[in-house]
Every structure is written in structure tokens, then in C-alpha cells.
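One structure is given below, encoded as C-alpha cells.
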Amino acid sequence: MFSAVVFLAFGCKKTLDINISPNNPLIETTTPEVLFPSAVASTAGRVGGDLTILGGIWSQYYTQANASNQYKTIDSYALTRNDFNGSYNELFSGALADYQLAIKLAQAKSDWRYNLMATVMKAYTYQVLVDLYDQVPYTEALKGVDNLQPKFDDGYTIYVGLLAEIDAALAKDYTSIALSSDQKKTDFLFGGDMSLWTKFANTLKLKMYLRMVNAKPAEAQAGITKLYTDGANFLTTNAGLATFDGTPDNSNPFYEYNIRRLNTTTNLRASKTFTSWLTTNNDPRVNYYFGTANPTPMNQGDYTATATQQPTYASATVFAQTAKDPVWFISAAESYLMQAEALERYYGGTGALAMYQNGVRAAFTQVGLATTSVPAAYLLYSGTFDQKLEKIIVQKWASFAGSHSLEGFFEQERTGYPKTSTVYSTDASYIPGQWVYSKNGVTAGLFPKRLVYPASSRDRNSNTPAEVPITTKVWWGK
Amino acid sequence: MKKLLQSLFIVLFFAVNAMAQDRTITGTVTSADDKLPIPGVSVKIQGAAGGTSTDSNGKFSIKVSSSAKVLEFSSIGFAAQTRPISSSNVINVVLNTDSKALGEVVVTALGVNKATKTLGYSQSTLKSAEVNASAPASLFGGLQGKVAGVNISNTSGAPGGSTKVILRGYSSITGSNQPLYVVDGVPLDNSTAGSDNNYDFGNNANDIDPNNIESISILKGSAATALYGSRGSNGVLIVTTKKGAAGKLKVDLSTATTLTNVASVYKLQDQFGQGWDGTYIPSENGNWGPKYDGQLRPWGAIVDNSQLLKPYSFIKNNVRDALTTGIELNNNIALSGGNENSTAYFSYGNIYSNGYLPSDNDSYKRNNFTLKGSTKYGKFSADASLNYVGKTTKFINQGGANSGIGSSFYEDILQIPGDIPIKDLQDYKNKFFNVDNYFTPYAENPYYSIYENGSRYKSDRVYGNINLNYKATGWLSFQFQQGADIDNAISKIWHNKNAPSPGSYNAGGNIEGSSRAADAGDVIDGSVKTFEYDSKLNALFNKELNSHFDLDGLIGVNYNDRGSRVLTTGIEDLAIPGFYQINNSANKPTSTSAESHRRLFGAYASATFGYNKYLYLTVTGRNDWSSTLPQDNNSYFYPASSLAFIASQAIDFSKTPISFLKIRASYGETGSDTDPYRVFNSATRTSVPLGFGTLTFPIFGVPGYSISNQLNSNNFKPERVKEVELGAEIRFLQDRIGIDATYYNKLRKDQIIPLPIDPSTGYSSYIVNFGSVRNKGVELAVNIKPIKTTDIDWNLNYTFTKENSKVTELPAGLDKVVLNTAYDAQFVARVGQPLGIIEAPTRTYSPSGQVIVDANGYPVYSSENVSFGSTVPDFVMGLANQFRYKDFSLSFTLDWHKGGVFYSGTADLLNFVGADAKTTYNDRRPFIVPNSVQKLANGTYVENTTPITEANTDDFYYHTSNKADAYANRILDRSFLKLREATLSYNLPKSIVGKIGAQRASVSVFGRNLVTWLAKNNNTIDPEVSNFGNDLGSEFGEFRTAPPVRFFGASLKVSF
């Protein structure tokens, strides 16, 4: 008894000191080298995964099959606060939290390379969230226990903040010390080539300024002209994850989600909106996107059609995917086409033609096609500003499918291109490529423009703004 | 122990009678049971002080005055009797035993034996005979419905599956609600390591061989369990096992053979057959085709230019006929013996159980060896026990399919239209039923899952203890106990690889052009080790202070060290089909390992003060130091006190029908620390959840670590339970009627909750101490003995339990805690509501109360989920009836749970495929949602004229297309009434038994779960089954799990 009491009094503290997890390292032991690639994978996993499914259905590249069910709520615009919580959660508590810690650790040891890489990727990830939700927490976000109820900031404030963060990171010396060979491997985008990071940062800035042209035209113009004045270089290569291992849990996230992990791999069928445009234009990319020169499409959102009503739907073409498909954050084509738009807007179109054509060609290169296979009509570029903008944006739209589908949806909201159709795609007067209102849409003819604030925010944060309908445009929308 | 107490009482009741006496009455007191004299029986003259007691030969002699009218006889363990004093000077008395009388000694906290009468809290004891009446394979198989406040359910229909035991309802929102299991003084691991929603390899308490159990003592309240401190908050089940007794070698044999089959299966609609959208489509998995017409139709794939024919009509008992009758064998032999100094006990038990699926891929084998011994030397005594349990469980995947890897039997069998004979599909390699040509590409042949996929869990477990005792003086003794429980298990889970051949029926060659995804197959090897070491040192004292006061109690310390280590390695995509080895793949294996280790120190003391043998006050206290709490804040004290007043001993009730009255009151505090590793923040190996699938590091040879989504805290304390319990026990008419009523009111506060936080904080949850739940309840046990004669005994036990739980507080800013989900249905804790309500979308109504529908005629669903009710039953009743006529006895137990709801994933799938009986509304003709309106853009409402067409009937019942109505068909009434157990047994007469040289022998036939009545709106599944574990989350319901089992068996028990 006595010995036990002695044990209790003196041995207790040490004996009970066994509460450090053997399973997971302490947070203090992490480094930018392990955090940064994790966060990039998180961004790619979600933006290139379920958000590409969302973006692709809403951009009308593909639609829900009538023999299965998986994406009906997306295709009918019936999303609620309970949908897409996973992406919101992962992008914040997965990607952004890791970027933020990587930035903090990098800054603490003046490692401006990881500081830039993580800052640019943080800005990219934030931009996607802002564009989807209009408002999200920013100034009070990512503070852990110090702020459990962060307030929401308006989209413009966040954009301004992100642009400033990118500028601050660009202002540091991140080029004089190259990454070590091991560190280079942690950069899935550019293998440690810091000059490409500069270009990515500039191109991302260009993209964000272009998003502002409706809501903040003066600020957009000032930002873009400053880029040009400063002689900024933009991306001429694709930024993103060019490939994947292709093994389970190490594959293109869209493939992993939609093909490997679903018992029905034929949920996403060709949408007539996209196939009609491709085939009308004799666009050879139809083979890349649908695996056939003559896809059998479904009309967008027509998943309740019966076999009697639409006998061809049973054999409607499935969107072609592989486990090694890339996930692009910003593609070369997108970069060129954005430059074309900027030159049209602010420099009277000087040099815009070349950029437009570069963009169209790059879009073909992106899917492994020779630039010679670009239909001649695509390269024609003339008319009013609106006509040229339509060409730019429609070409962009045709380049996003699968690899960064969400952008097609965003750009349509920003510019109104591709145009929306007044008739359904079954109508004789339907113009190929025009977006149609989903057959089973539940929003009274209004297209979706955003996601509603997720339950994981609404249920947990009293600062979540009142719910805004899915059909209300975001702050930069047209 | 009974005899020991008797001897003690002989001394206690010694008294002097100083009154003048007229004459002396003598007599002998004997026992009705064995006709032997009873020593130490108190003999008193009613209304007078003093008295005498019987001697060692049961004889007494008492002087009585002429005014004395009645003599009272009472003794521990016997029902008291009164006898009028007549002219005779001899009064011989026969006392009946009464197991519930004053002298009953039961096991209480820390294994201390105490007389029931001194307990100020509710306690129930179950004896071996009750535990084993129907030869269950697990400890609680035969106890359902027998004890008030104890809810026991078999969550699995598969052999070896988990048993859920919950005492006094759920109170911990996100922590454990599992009671502590203590075997012979040592805590026993009851984890479910290795199991998940798809594989249930059982909880570890099921490893105990019920045949070895002497008794189970159930301590429900905090005052009863306060000596277990931070492990006592969910109640404690103390199992005492059999041991050797002095005397010649005794051999007990028991053997039982039980047949098992499925107890209840879903009732399906019988009017519409295969097809979809009202059309007959032979490749569909649904029952949305035309009405049955009985005509012969070809079905399935055309193979080698031939096709099968069958009538287009509903097949009755299709599911039941597809399942088989399983067998369960339960054999046990026990040898015991010893002399006055040493005893020994050995037993071997063997269980083999094969479930109701064809093949033995759903089976459970268990071998139990037990060796116990004890010895005495002077003031020292020692005893030890050693148990080995070896078991092998084979389990068929339940729940949802592992998409892309392999399918699930229980999902596949639900997707067979009612006109397709399931049983015939068993020949799963037959050209019509194989991977290429199974009739639908939307599901797989369920038999493929049974024969080609599988799992095996094999464990070797050793547990036991060593006890050393030293009796220092007559009133003081010391006890040291060391216990250990070590379990080593390996598991293997596999799915075979398959893919429809290119061009085959299921690769797009069917009329719909649909193809089924390939199954890549997988192998997962697991290793699970759990360990628990427990040491305690106690000083026990027991002292008569003076003629009025006595004191007993203990002081002690306890050290507990437990943990687990789980290592799993798996591959996906088999290279060689049918070969299950983790190198059989082009993919590299992925591994995870998880360790958990915790320690707990406790120091405790307990004292019971007795006054005049009718008033007992017990005070206990325990201080715990836990390794899982923040180090500067890891010491907590748990006090308790209880009062027992035996009114019938203190006050003379002899002129009333009351034969016994005891009043109890207690207050106790217990606690619950938390899981290890919740103090320091950590990073985790990055595995990005994609929604379906993950993106897991290493990627391109680069490792990745990510901030854990859980924000830990160094500022929390244990959960604390404060409980008041009041109770009374009253018996009438010489104990022919007994009522034991208990009221409790407990508050569980400072709950440790991983509080979900806005992910924009950078985390998704935060460990906080907040939230409380109040449970109030009434437990009533009524015992009636309508007939009690030498030849006939009739004993009725009725139990009633009503438990109200209410969430009284949640962390600020959090209006609910989500406990479980299925699609849009959520199982939540919400302030002001019972712990566990199910919420889901529902219809919305116009101001005039009409259903609002959308442009397509479907009801518009509510943006906020609404409550469909609580999972807590309104009340639970049990009725156990035992009837004995001479050597025959017949008993049965009914268990009625009334009220509550549950979510059924089986119902979800049955609605999807149009098999649910509720999908035949309006004969599936087009209909307009009754009393419905459409809302115009200007906010006004017009009458809805858009019908739900025949082709869209299926969408009307599915949750993605009609959220507003779907959940009403999936959230079902939880009520049930079950005939839990029935046994008929016969004690063979001595003449026959003697011929085989045995002492006793009995044969029984029995059944369990014989009849189940479900609520009217539940045609689907027994609400007790679940594949969500065995804690609060499982109350949500089930997701396509195995229906429960019915048992019929016969047993033979022989003692030599």
C-alpha cells in the first residue's frame, strides 16, 4: 500500500505522460516541403474532382444519364446547403490551412520560394471559393482557436487582399537560391522552376482582374495595365498536374470519383449542347472528349426521359476519361485567350489576334492534337468587341472540358458566352453550342450562378450570411 | 457466504430476556428446501423486546408470558414467518427460502460482496441458469427483456456479430456509452477493433463463454459505480465466473444444438414486376414494370441463342427461400473439485455457428479454455484464473458496396425484381447468371459476393487474474489483484476481381446499352492487438463498533494500462483473380497503423455504516489521474453516498400484508475521460477526400503531411455524471408479490465533443467540454408468484422502463450535433430534444395548408430538415414467465419496445427499385399530388394540375428526385414486440440419472427471437439491427444490413 502511494505521488506524472500520438507527428514538426504538395493535391483533388463534375454539368459538356441517378441534383440545379460541403471543407481545412501554415513556416525562415508557391496556390484556391460562393471568410479565416466564428468578407475585398499577397510574395527574392532536387519534387506544377511560378502568379492576377470587369471596371483596368506596364510574363505552358500515377487513390480525381469509385461508370453522357457545337464545327477534339467522332448525345438535364421517349439515350456517349488525365489550374490556352481579351479591352486590340490564335492552337495542343488540325474558321477573328469576346470565350469554353470545367461556368456568368438558348436543344431552331435550361431544372428558367453557403458553415458559424438563391449572380457576374 | 452471514447473525442477535416468563416453548426450524435444520433463526415474541435464536441443530427454546400471542421466525435467506402461540409447548417451523430476502449477498463495485439489504442503489443479479437457458453463444444472448433499464440488442444477423448493451439509455453525445465489463474483478476489453460499417466481427465481451458464468451483477447508477470513477459513468457489468468447490470431482456437461434461420424479412409489393418507368425491361434491377400477368416471358440475357423462360408473376417467400437454415453447436465441459484448502476448476467450451447464408462464409467458431485454482495457507489465500479464447469469424460484407472494388450481398439481393427466382441464381457460374450475363448490369449476382468475396477474423485472446489475500485480523484483510487481458487478432478482407467481357450482355450488350463497372478486387490484411493490464491493492475492513453500529469498507489504489495497435495493409486491383495476397497486384500496398495507449491511476475508499441492521449509509470516493487529459488538469474526484433503510426491519408491519419494505436513496458522481491524443495538435499523412475515393500521399514519390482537421485542446476536463437515484422495494403476502421501483435523474455534463467548426477556421472540429444531457427514468420490476407449492411454481416477472433523455446544452453557436447521416437524413442531438432525433426534408405547405409542388408536380421540399421523431422508445416492457410443474418447467420472455423511429437504408433501396409495398399508391397510375398547389412567381398559389406520370412514378419515390416525400418512407416506426425466448425443460428423475452415474440431468428445447411483430408502417426490417457499431450512432438505424436471426434448439445438461 505504501509503495503504491509513493508511486502515485512521484511516479504519476511521468507514467501518465504518454499522450503524444505515435500515429501522427506533432504540428510543430511539419515543414513547407510536406505541407505544400499536400495542399496542392487538395486543391487539385477538389477543383479537378467533384467541382469539375459540377462545372462540367453546368457548362453543359455532359449531363446525367437517364439510367442512373448520381448527379440529378446538379443537373436540375436543386443543390442545397447540404451539397458540396465536402469541397468547401476540404479547400478550407485541407488546402488553405496547409498553404497558410506553409507560408508561415517559409516566411519564418525567409524561404521566399515556398512563400511564393504557397501564396499563389492559396490565391488560386481562394479565387475558386469566392467565385463559387461570392463571400467567404478571409480576413478572419484560418486562425484556428483564435477565431472560431470568422466573419465573411465580400468577394472584392478578398480579391484585393489576395492580389496584395501575391504582389508581396513576388516582391521577395525567390530566385537566387534554387530549390534542392528533393524540394523540386514537391512542386507538382513546375518542378521548382521559379520563373514559371512568376508567370503563373501574373496570369492568375490577370484572371482575377478580368473577373472584375463588370463590378470594378476601373480597378480591373488599372490592375491589368500595370501588369503590362511592368512587362509581366504570362503562362505559355499549362499550370497544373499534368498527369497522375493512375493507381487507386493516386489518379485523376475526376476519374477516381466518377469512374473508379462509382458502381455506375456511365453517369456522365455527352450533352447535346457541347456535341452539337463540336460536330457543327467539325472539331476533331470530339474524339478526345467523347472517344468517337460521332457521339450520341442527350439533351441537357433530360434524365427522366424513358426509353420509349428517347430510345437513343440508352446508348448515349459517355464522357471519355482516364486515370492519368491532367488537372489544369490555368492552361496555356486560357492564358493566351485572357491576354487576347485584355488587349481588346485596354489596348485597342493590338496583338489580340495573335494571342487569340495562340490560344486556340494551344487548346488543341492541350488535348494532343496538332495545331494544323484546328478548323480554319476557328482562327478567323474579326468584328465588334462583343463578337470577338464571344469568339474568345466560346473557344475557352471548348477548352476547359474535363480538365478545369468550372472555368467554363464562371466565364459564362462573367461574359454571357456561350449565349443561352431561348429554346430547348430538341427544338429545330436550336443553335448549336448555346446553353439550354435543364429539362428538369427546378429554378423556374433561371440558370445557376453560384452555390449556396454550405451547411458546414451555416450550422457552425453564426456569421454566415443569409442564404442567397443559387440563381443570384456573384459579385463579378454580368 | 449465506452460512457465514448466518453465523455472524447468531452472535448479533444474542439478547437477554429479562421479563418474567410463564412457560417455555421449544421447537425445531427446518428448511423447506432440503429439510435440514437452520441455525441462527431469530425467534421473537411479537411486540416484545428480545428473543432468542436457534442453535446449530435448528432448535430453540423461548420463554413466553401468558400475554404473548405470536412468535416470529426470521432468518437470512428465508421468508419470515409468524406462528400463533397455542396451548402446545412445541412449535416446529418450516421456512421457505427466499433468494431476495435480507441475506442475499451480491457482488458490488470492485468485486466486493455485500448484503443486498445494505445497498442504497438499484442492483440486479442474473444467475447462470437465466444466462444459459437457451444456450446462447454470447453472454447476453438470453437476457433480452429481463432486466429493467438494461437494453440488449443483437445488432447483427450474422453469427459472431455485435451485441449492444446500454444501461439507462444514452447520455454521452459523442463519447462512449458502453458499460464497463468486469470479469472476476478485472476490467475486460470490449472493443470492436477490426470492425466497421461493412464488417462486424463482434464486440470482445462476446468472447466470454456464458457456460462459465456464475452470475452477472448489473450496476446501473452512478452511486453504484462511483468506485470505478472515470470508467463508471455508463454502468458496470460484473461477471463472476464459476470456480471449484471443496468436495469430490464434479463434472458438468452441456451440449446444445440450435438451428438458425432468418427471423423477419422485408415484405414486398406483389403487383408489379421487373422493369422501369412502367415498361418491362429485362435488364432492369427494378420492379417498375407492368402489373404481373402470369404470362410466360423470356428473361435475362440471351446466351448461345437461348434465353430462360418464367411466368411474369410474383414469387412468394423469394428472399426467405434463398436463405438457408444455419446450425449452431454449443458444447461445454467443466471439471471442478478440491479440498478445504485448495480448489481447482477447468472448463472447455466450443461454439460453432453457421449463419443463414449458404456456405460457411458466414460463420463463427470459438474455443474457450478456463483454468482456475485457489489455495489457502493460514492467513494467506491465493487464487488465479487463466482463460484462453480462440475464435474465427467469417463475415459477409454488409452495408453499401465498395464501389469499383466489389459488391455487397445485401445491396444485391434487394435489387432482384420480385418475379425473378433468387434461389436459382445460386449457380452463379451458370452461363445465365455469371458476370457476363447476370440479368442486370446495375447490380451483381448476390451469390457471387458470398462465394467470391469474404472476410475472416481470427483472434487469440488470453485473460485472467491473480489474487493474493492476507487476513491480518478478524476485521482487516488485504487484497492484491493483478489482471491482464491480451488479444491478438488478424483479419483478412477480400473481393475478387471481375469484369463483364467486352461485348457481353453486361458490357453494354443489353437492351439499355448499360454496362457494369468492373470490380478491381482487393485484399486487406489487418492485425489488431489490444491489451489491458489492471492492478489493484485494497485494504478491506469489517467491524462491529458496538451493539448498534457496524462498519465495513475498503481503501485502495488501482492502476490500469490499456491500449491497442491496429495495422492494416491492402492492395486494390488483383493481378491474378481469386488469389488473395497483398503482393498480387500491379499496385503497391498501402498501409496504415494506429496505436492507442492510455493509463489511469485511481485511489479510492468506501465505508458503510450500519445502524441496528436496518439503516445503512455508504460513502465512497475515488480520485482518478488519467493520461488522456491535459497534464496539468488530469486529477478528478468522484464522490458518492447512498442510504438504505429497511423499514420492515425497523417498524412492525406484521399486521399488514407487507412482508418487506426497503427505501433507497443515493447520489453519485462518475466521469469519463477521453480518447488518447486529443491534447496536442498534430499533422496527418495527407489523404485528400474526393467525395468518392481519395488522393493519397505519397504522390510522385513525394510524402505529404497535412494539418489535422481536428483542433485539439489542452483545456478540457472529463465528462461528469451526477446522478440521484431513489428507489423502494416492497413485498406483500409473504413475498408472493414484490415490486421494485427506481427513479433516477442524472445529468451528464462537460461532455467532450469534437465540436464541428466552420472549416474556414482551418479545422473542421475542435475538442471542447460543453454540452449536457439529462436522463430521467423509471424502472419497475414486479414479481408475482401466483402459485407456489411443492409441485407447482409459477413465477412472473414484469419489467417496465421509461427513459427520458433531453439534451440540455450544446456548445455556443451550435444548434445541433450530427451523430450520423444517410443522404439528407441526419441523426442529431438538439437542445431541448431527446438525445437522438432523426431529421430530414419534408413537404412544404402553402399558408392555407396545401402541399406546394414544383413545375413538374413534385412536392417542394423544406429547406430546413424537420424532426421525424426521436429514436428513444416511449417505453420498454418485458414479461418473463416461468412455470414449473414437478420436473417440467416452461418459460418465455416477451419484450415490447414502443415508439421511436429509425432510418432504414434497406427501405431506401426497396423504394428505389419499387419493391417497397408503399410504392403502389394509386395503382401506379398517373396522379396529381392530392391537395397540392403551385407557387407562382408573384407569390400566389394556383391549384396544381401537373400529374406525376406513370413513367415518373419511380422518381416520386426516390430521394434525389423527391426529397420532400422520400424520407417518410425511409424513417420508420421503431416499435416491436418480440417473443425473445421460450424454453421447456425437464429434469430427469433420479432413477434414470442414477443409472448413468450422474447427479443431475436435464433436457431442454428452446427458441430465441421466435416471433417478431413490427410496427404497421415497417414492412422492412427489424429496427434492432444496425451496421453502425454498437453505440449511439447505431440508434440511427441501418444501411442494408443482415436481417436478424431466429433460433430453435435443444440442449442436454448432465452433472456427475
Side-chain angles (χ1 to χ4, degrees), chain A residues 1 4 8 12 15-16 18-27 30 34 37-38 41-42 45 49-50 67 69 72-73 82 86 89-90 92-93 97-98 101 137 141-142 144-145 148-150 185-186 247-250 253 256-257 260-263 265 304 306 314-315 442 456-457 460-462, chain B residues 277 279 401 403-404 512-514 517 537 539 557 572-573 587 594-595 597 599 601 603 625 627-628 634 676-677 679-684 686 688-696 699 702-709 711 756-764 813 824 854 951-952 955 960-961:
Chain A
M1 177 70 85
L8 264 183
C12 191
T15 313
L16 293 180
I18 55 162
N19 209 24
I20 288 177
S21 172
N23 308 314
N24 298 304
L26 289 175
I27 199 92
T30 55
V34 296
S38 298
S42 173
D50 59 347
N69 291 294
K72 281 183 176 176
T73 51
N82 294 320
N89 299 355
E90 178 59 25
F92 265 116
S93 63
D98 289 344
L101 182 59
L142 307 175
V145 72
L148 295 176
Q149 308 251 321
K185 287 190 204 158
T186 67
T247 55
D249 301 310
N250 232 322
E256 187 81 15
Y257 185 113
R260 198 197 304 280
R261 302 299 173 190
L262 287 187
N263 52 1
T265 57
T304 48
T306 63
S315 51
V442 297
S456 59
S457 173
R460 308 170 188 181
N461 184 351
S462 56
Chain B
D277 294 335
T279 313
S403 287
E512 295 181 280
S514 290
L537 180 61
V557 288
E572 267 179 30
D573 203 347
N587 298 320
E595 285 182 44
H597 187 194
R599 288 178 176 146
F601 277 120
W625 292 263
S627 74
T628 66
N634 66 359
Y677 319 132
V679 173
F680 302 103
N681 282 313
S682 62
T684 54
T686 308
V688 180
L690 303 177
F692 293 102
T694 67
L695 191 51
T696 299
I699 293 175
V702 174
Y705 278 86
S706 187
I707 303 171
S708 166
N709 285 340
L711 184 58
I757 53 176
D758 188 329
S760 67
T761 57
Y763 298 86
S764 58
D824 286 284
D854 64 18
N952 285 352
D955 299 302
T960 58
S961 34

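Per chain, numbering begins at 1; letters A, B, ... match sequence-line order.
- Contact of A:P150 with chain B is made through the side chain alone, with heavy-atom distances under 4.5 Å.
- Only the side chain of B:D824 comes within less than 4.5 Å of a heavy atom of chain A; its backbone N, CA, C and O stay farther away.
- For the set B:S961, B:P689, B:A517, B:A951, the count of heavy-atom pairs under 4.5 angstrom toward chain A peaks at B:P689.
- B:T279 has its side chain out of reach of A:T306: every pair of non-hydrogen atoms, C-beta onward, lies at least 4.5 Å apart.
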Inset, instruction - Take A:N250 and B:I699 through the side-chain contact (heavy atoms from CB on, under 4.5 Å) test and state the conclusion after the steps. - result: CA-CA 7 Å; A:N250 232 322; B:I699 293 175; 3.4 Å; yes

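- Options B:S514, B:P676, B:G404, B:G691 differ in how many heavy-atom pairs under 4.5 Å they form with chain A, and the most are formed by B:G691.
- Heavy-atom pairs under 4.5 Å with chain B peak, among A:V34, A:N24, A:N19, at A:N19.
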Inset, instruction - Apply the test side-chain contact (heavy atoms from CB on, under 4.5 Å) to residues A:I27 and B:I707: give CA-CA distance (whole Å), side-chain angles for both, the deciding distance (0.1 Å), then the verdict. - result: CA-CA 7 Å; A:I27 199 92; B:I707 303 171; 3.5 Å; yes

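- Counting heavy-atom pairs under 4.5 Å between each of A:N69, A:T247, A:L148 and chain B puts A:N69 at the top.
- Summarising the geometry, atom CD belonging to B:E595 is positioned 8.5 Å from atom OG belonging to A:S21; distances are rounded to the nearest 0.5 Å.
- Taking CD1 of A:I20 as the start and OH of B:Y677 as the end, the distance is 10.0 Å to the nearest 0.5 Å.
- By number of non-hydrogen pairs under 4.5 angstrom with chain B, the leading residue of A:P22, A:G49, A:A141 is A:P22.
- In this structure, the portions of B:A594 lying under 4.5 Å from any heavy atom of chain A include both its backbone and its side chain.
- When all heavy atoms of A:P37 and B:V702 are compared, the closest pair comes out as CG-CG1, 4.0 Å.
- Contacts between A:K72 and chain B at a heavy-atom distance below 4.5 Å involve the side chain alone, from C-beta outward.
- Ranking B:S760, B:G762, B:S627 against chain A, the residue ahead of the rest is B:S760, based on heavy-atom pairs under 4.5 Å.
- Of all the listed residues (B:T761, B:I757, B:D955), the one sharing the greatest number of non-hydrogen pairs under 4.5 Å with chain A is B:T761.
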Legend entry - Residue pair A:S457, B:D758: steps toward the side chain to side chain donor-acceptor pair (under 3.5 Å) verdict: CA-CA 5 Å; A:S457 173; B:D758 188 329; 3.1 Å; yes

Legend entry - side-chain contact (heavy atoms from CB on, under 4.5 Å) assessment of A:T15 paired with B:F601: CA-CA 10 Å; A:T15 313; B:F601 277 120; 4.2 Å; yes

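- Under the 4.5 Å side-chain criterion, counting only non-hydrogen atoms from C-beta, B:N634 is in contact with A:L16.
- Checked by atom type and distance alone, the side chain of A:N89 never pairs as donor or acceptor with a backbone atom of B:P759 at under 3.5 Å.
- Heavy-atom distances place the side chain of A:E90, and not its backbone, under 4.5 Å from chain B.
- At a cut-off of 3.5 Å, with distance as the only test, a side-chain donor of B:T694 or A:D249 sits close to an acceptor on the other residue.
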Inset, instruction - Evaluate the side chain to side chain donor-acceptor pair (under 3.5 Å) criterion for residues A:D98 and B:S706: first the C-alpha distance (whole Å), next the side-chain angles of each, then the deciding distance (0.1 Å), finally the verdict. - result: CA-CA 6 Å; A:D98 289 344; B:S706 187; 2.4 Å; yes

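- Most heavy-atom pairs under 4.5 Å with chain B, from the set A:T73, A:T304, A:T30: that is A:T304.
- Interatomic distance, OG of B:S764 versus CZ of A:R460, reported as 6.5 Å (0.5 Å rounding).
- Options B:A401, B:S682, B:G513 differ in how many heavy-atom pairs under 4.5 Å they form with chain A, and the most are formed by B:S682.
- Contacts between B:L711 and chain A at a heavy-atom distance below 4.5 Å involve the side chain alone, from C-beta outward.
- Separating the CG atom in B:L690 from the CZ atom in A:R260 is a distance of 10.5 Å, to the nearest 0.5 Å.
- Top candidate by heavy-atom pairs under 4.5 Å with chain A, chosen from B:D854, B:T696, B:T628, is B:T696.
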